[in-house]
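For reference, the structure is listed below as structure tokens.
Values below: all heavy atoms of this structure, side chains included; hydrogens, waters and symmetry mates excluded. Just so it is clear: chains get the letters A, B, ... in the order the sequence lines come, proteins before strands, and each one is counted from 1. All values reported here derive from a predicted model rather than from experimental measurement.
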Amino acid sequence: MSEEKKAYDPKEAESAMYALWEQSGFFNPDNLPRKNGKPFAVFLPLPNITGNLHMGHALNAAVTDILIRYHRMRGFDTVWFPGTDHAGIAAQNVVEKELKKEDTTRHKLGREAFIARVWEWKKKYGDIIMGQFKTMGASFDISRTRFTLDPGYAAAVADAFVHYHKQDLLYRAYRTINWCTRCATGISDLEVDYKEEEGVLYYLKYGPFTVATSRPETKFGDTALAVNPADERYKKYIGTEVEITTLDTAEEGKIVIVRLPVVGDEAADMAFGTGIIKVTPAHDIADFEIGERHTLPMMQVIDARGKMMNAGRFDGLKVSEAREKIVSELRAAGLVEREEKYTRNLAICSRCSTAIEPLPSRQWFLKMERLAKATLNALEKGETNIVPDNFAAPYKAWLENTRDWCVSRQLWWGHRLPVWLCTKGKEDDYVVAKEKPAACPHCGECVMTQTEDVCDTWFSSALWPFAGLSDNDLKRFYPSQVLITARDIINLWVGRMVFSGLEFKGAVPFKDVFIHGTVLTKDGKRMSKSLGTGIDPLTLVEKYGADATRFGIVWQAMGTQDIRFDEAAVVAGRKFANKIFNASRFVIGRVGTAPRTEIDMTKATPADVLVLGRADVTKKAVEKHLAVYEFGQALHVLYDFFWHDYCDVYIEEVKKAPSSEADAVLYALLVGSLKLLHPFMPFITEAVWQELPHAEQSVLMVADWEK
RNA sequence: GCGCCCAUAGCUCAGUGGCAGAGCGUUUCAUUGACAUUGAAAAGGUUGAAGGUUCGAUCCCUUCUGGGCGCACCA
């Protein structure tokens, strides 16, 4: 700090301070100078290698770093584990987009070359987001970074798969699942989004009945009709077959008669449409379940690319084209009774927004019943504690109703399943094993090949709190103390980490789950890149500094409410940083190079006593707020104390009428304030600390909070 | 359909069963002294509506209105 400078310059100080911390080695808990014997570990919610830091990450990084720095100063064996996620479907899509620009496709490249391309991408962009976290001041231990495709991590994924299979929790089945025709893979229930869409509900004549459907093109896949067993209108048909007049798939204009059984099933809602469902087990998940209950055959009429098949002259048409053509022919044949406008929730792929096409497919499923029960049990026994607790209800509801998890994906980028196929046998001849079997147990002679399928990304991220950790770190840091994340991945990720932890480590992976708010635009809209409504935290750092950016975000992070982000708070943060800088300059200039550190309370004036008391109250309030994840409140308390009690009142008093103890009080409170402020604004406080004449520790980051 | 959250100053938000607060913005004044990225002060509120509990409600309860979100259904 040179005498001429009147304003704090974050740019210079921030990179210098981060370098100082890295040199100190104190991000690594092995090097910490003081330990109280208690661990404090946090696992970074895995950012994707496709990502850039956004406001959600910035909020997460800020509050996590506050807790990490706070505990480190209190002497905990503190570690923050960073890492990145290979993000199977997301990364594959990104690289596919790149290939498209080069006018090629992954299929032209072939699997091996394509995967090499994704690795190239990973090398180029994989660490960018980690660097951006550092810019925010994240004090994670980079030496403990993991990537979900690291060899050790991959081994854990394969082990988990084999384990589940041995436990009879994992099975292979031919089922109707959510299929994305663009990504060309099956996806899980949790990866499906819904969007309202105007459609038409067609009332079609089905023999003696009228059936309401929004998907007439699937009619060739019908294998039954279903009515509610309690429905007086149709009860008598249950167990019979009815004759249906329908289009001929061979010859246009020809009408044929087919026979369909009528089943009684509760899934039929008497109040919807006509109360009769056309059951298409191959192209509707609810219908598939009806089919299972009544052992109905499956008739697939739409293929993996979303085109008609097994439908004669309609084969090869896109679903939308087929629908149009079929409806117009049905109209002509007098088989459409009426058409109604109808708003429906269209299922779309959460990754690419393409309409989901339910399709029958051979996939691997993880049985959820036992795992969900264990997770629920941990919640009820208080082993996991969700903060705020109103998020526990939907979490519970999901666990109570969840279906088996489809964990296989038809992607190229990911953990290939440890499944080996007989090359001479039928489709069902396979072996689940980590290593390739020496001999095929089915035919005894073939060389088995590994399945093309890979794991759902979330299957591997579910293992994040332990996969690829050293045995020593596992003993030392598992379970971690808190998981800090956003609400949108509670089921997708948090629940799955919990049951994975219970299954593989016999304990929940974290005690608290703190769900922070979502950062919205100032007028309450979702921040979105495509809508241009996002604010880039790195731009804020560039403009105001990382401390000011952290301040601005945390200032608004009151409780767990969503944040309507107002840049004005970052401006306030910059001003506050400057205030800290200047107040420190004044105090250091006044107390000289050998400040008194003992305060003689017998000589203290009321002003001295008042400010010391306020400092004490402030510290207790900060601790109280941090204990319950009230980050914004803690910062407000600190701000009020430092700016008003310390600067406006006490320093002004000292200028007018200093007491005999004034210098000692000024210095003690500066040291104390820097400690309290450090978790929130680490750079400026560290920079000032480095200028203190008699610092107790060379680095504020590891100074004793209690002293 | 089931459930959750929110509504307080112009804006973004705290807060408390007993005189309603902050940041930013606005207005006035001050200032060679750590800081104009400052200080002192002012204006600005029927705490979304109605009802209830209470000596007393912004706070607790009910209903409504408006906004946001999650889950399910969606033939």
Side-chain angles (χ1 to χ4, degrees), chain A residues 1 3 5-8 189-190 194 196-197 199 201-204 206 210-216 218-219 222 225-227 265 267-269 271-280 283-284 286-287 290 342-347 388-398 400-402 487-488 490-491 517-518 520-526 544 548 551-552 555-590 630 632-633 635-637 639-640 643-644 647-649 651-652 654-655 666:
Chain A
M1 262 188 274
E3 292 305 315
K5 262 196 286 176
K6 292 208 160 180
Y8 172 62
D189 297 342
L190 291 180
Y194 294 90
E196 276 204 351
E197 196 199 51
L201 193 58
Y202 300 93
Y203 285 77
L204 306 182
Y206 265 64
T210 301
V211 171
T213 180
S214 61
R215 302 212 53 192
T218 62
K219 78 188 318 284
D222 295 345
L225 294 170
V227 299
D265 197 287
D269 177 355
F272 187 93
T274 58
I276 302 170
I277 306 179
K278 66 187 237 350
V279 184
T280 321
H283 297 293
D284 185 291
D287 287 7
I290 296 174
Y342 171 64
T343 311
R344 63 172 187 156
N345 275 331
L346 183 70
D389 60 8
N390 50 292
F391 287 115
Y395 177 65
K396 223 174 131 174
W398 177 69
E400 280 165 353
N401 299 308
T402 185
R487 70 170 102 84
D488 50 344
I490 294 177
N491 298 336
T518 302
L520 307 171
T521 63
K522 200 178 170 186
D523 47 350
K525 299 213 173 75
R526 197 162 265 284
Y544 305 104
F551 177 102
W555 182 257
Q556 299 178 79
M558 305 303 295
T560 56
Q561 290 307 309
D562 285 351
I563 296 168
R564 293 187 174 199
F565 187 80
D566 186 349
E567 194 167 320
V570 182
V571 174
R574 183 183 55 178
K575 282 159 81 169
F576 189 46
N578 192 56
K579 191 75 179 174
I580 296 169
F581 175 81
N582 277 300
S584 306
R585 224 160 48 119
F586 172 77
V587 173
I588 292 168
R590 197 184 149 92
E630 290 174 348
Q633 283 89 340
L635 181 56
H636 280 250
V637 163
Y639 177 91
D640 288 344
W643 199 303
H644 299 117
C647 294
D648 293 345
V649 176
I651 289 184
E652 291 308 317
V654 168
K655 282 194 211 162
L666 277 177

Need the pair for [N]. Rule: Watson-Crick or G-U wobble, both distances under 3.5 Å, any strand; none if unpaired.
N: B:U54; answer: none
N: B:C35; answer: none
N: B:G21; answer: B:C13
N: B:A7; answer: B:U65
N: B:C71; answer: B:G1

Practice item. Report yes or no: does A:Asn578 contribute a side-chain atom to a donor-acceptor pair with the main-chain N or O of A:Tyr8 at less than 3.5 Å? Key: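 Side chain of A:Asn578 to backbone of A:Tyr8, a donor-acceptor pair under 3.5 Å: yes, one is there.
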Exercise for review: For the pair A:Gln633 (side chain) and A:Met558 (backbone), establish whether a donor and an acceptor sit closer than 3.5 Å, ignoring hydrogens and angles.
Suggested key: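 The answer is no, because no donor-acceptor pair under 3.5 Å joins these two groups.
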Check your understanding: Starting at the 5' end of RNA chain B, which residue's closest nucleotide do you reach first, A:Phe586 or A:Ser214?
Key ->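 The residue mapped nearer the 5' terminus is A:Phe586.
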Practice item. With RNA chain B as reference, determine whether A:Asp566 or A:Asn578 sits nearer its 5' end, using the nearest nucleotide of each. Key: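 It is A:Asp566 whose nearest nucleotide is closer to the 5' end.
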Practice item. Can you check whether any acceptor in the base of B:A34 is under 3.5 Å from a donor in the side chain of A:Glu652, or vice versa? Key: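 For A:Glu652, whose side chain was compared with the base of B:A34, there is a donor-acceptor pair (under 3.5 Å).
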Review point. Is there a donor in the side chain of A:Lys219 and an acceptor in the side chain of A:Thr280, or the other way round, less than 3.5 Å apart?
Key: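 No - no donor-acceptor pair under 3.5 Å links their side chains.
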To the nearest 0.5 Å, tell me how far [X] [atom1] sits from [Y] [atom2].
X: A:Lys278; Y: A:Asp284; atom1: NZ; atom2: CG; value: 8.0 Å
X: A:Thr213; Y: A:Ile276; atom1: OG1; atom2: CD1; value: 12.5 Å
X: A:Asp389; Y: A:Tyr395; atom1: CG; atom2: OH; value: 14.0 Å
X: A:Asp222; Y: A:Leu204; atom1: CG; atom2: CG; value: 9.5 Å

Starting from [atom2] on [N], measure out to [atom1] on [X] and report it in whole angstrom.
X: A:Asp284; N: B:C73; atom1: CG; atom2: C1'; result: 11 Å
X: A:Phe581; N: B:U38; atom1: CZ; atom2: C1'; result: 15 Å
X: A:Met558; N: B:A7; atom1: CE; atom2: P; result: 13 Å
X: A:Ile588; N: B:C35; atom1: CD1; atom2: C1'; result: 14 Å
X: A:His644; N: B:G21; atom1: NE2; atom2: C1'; result: 12 Å
X: A:Trp643; N: B:C35; atom1: CH2; atom2: C1'; result: 9 Å
X: A:Gln561; N: B:U8; atom1: CD; atom2: C1'; result: 14 Å
X: A:Arg574; N: B:C24; atom1: CZ; atom2: P; result: 12 Å

Check your understanding: Taking only N and O in the side chain of A:Lys579, is any of them less than 4.0 Å away from OP1 or OP2 of B:U38?
Key ->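 No, outside the criterion.
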Review point. Side-chain N or O of A:Gln633 less than 4.0 angstrom from OP1 or OP2 on B:G15?
Key: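 The answer is yes; a side-chain N or O of A:Gln633 sits under 4.0 Å from OP1 or OP2.
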Nucleotide nearest [X] (side chain, heavy atoms from C-beta), chosen from [options]:
X: A:Ala568; options: B:C24, B:C4, B:A34; answer: B:C24
X: A:Lys655; options: B:A22, B:G33, B:G39; answer: B:G33
X: A:Tyr639; options: B:G23, B:C5, B:U37; answer: B:G23
X: A:Gln556; options: B:U12, B:U38, B:C6; answer: B:U12
X: A:Lys522; options: B:C11, B:G33, B:U37; answer: B:C11
X: A:Asp648; options: B:A40, B:U12, B:A34; answer: B:A40

Please work out if [X] contacts a base, only the sugar-phosphate, or nothing of the nucleic acid, heavy-atom cut-off 4.0 Å.
X: A:Thr274; result: nothing
X: A:Ile490; result: nothing
X: A:Ala569; result: nothing

Taking the [atom1] atom in each of [N] and [M], what is the distance between them to the nearest angstrom?
N: B:A9; M: B:G48; atom1: C1'; result: 15 Å
N: B:U58; M: B:G15; atom1: C1'; result: 10 Å
N: B:G45; M: B:U8; atom1: P; result: 14 Å
N: B:C55; M: B:U28; atom1: C1'; result: 43 Å
N: B:A40; M: B:G23; atom1: P; result: 10 Å
N: B:A43; M: B:A49; atom1: P; result: 24 Å
N: B:A72; M: B:C19; atom1: P; result: 47 Å
N: B:U26; M: B:C11; atom1: C1'; result: 12 Å

Review point. How about A:Tyr203 and A:Thr274: do any of their side-chain heavy atoms sit closer than 4.5 Å?
Key: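 Side chain of A:Tyr203 against side chain of A:Thr274, heavy atoms only: contact under 4.5 Å found.
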Review point. Is any NZ, NE, NH1 or NH2 atom of the basic residue among A:Arg487 and A:Asp562 found under 4.0 Å from an Asp or Glu carboxylate oxygen of the other?
Key: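 A salt bridge links A:Arg487 with A:Asp562.
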Set out, line by line, the N/O atom pairs under 3.5 Å between protein and nucleotides 66-72 of chain B.
none

Practice item. Report yes or no: is the cationic atom of A:Lys575 (NZ for Lys, CZ for Arg) closer than 6.0 Å to the six-membered ring centre of A:Tyr544, at no more than 45° off its axis? Key: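 No - A:Lys575 does not lie over the ring of A:Tyr544 by the 6.0 Å and 45° rule.
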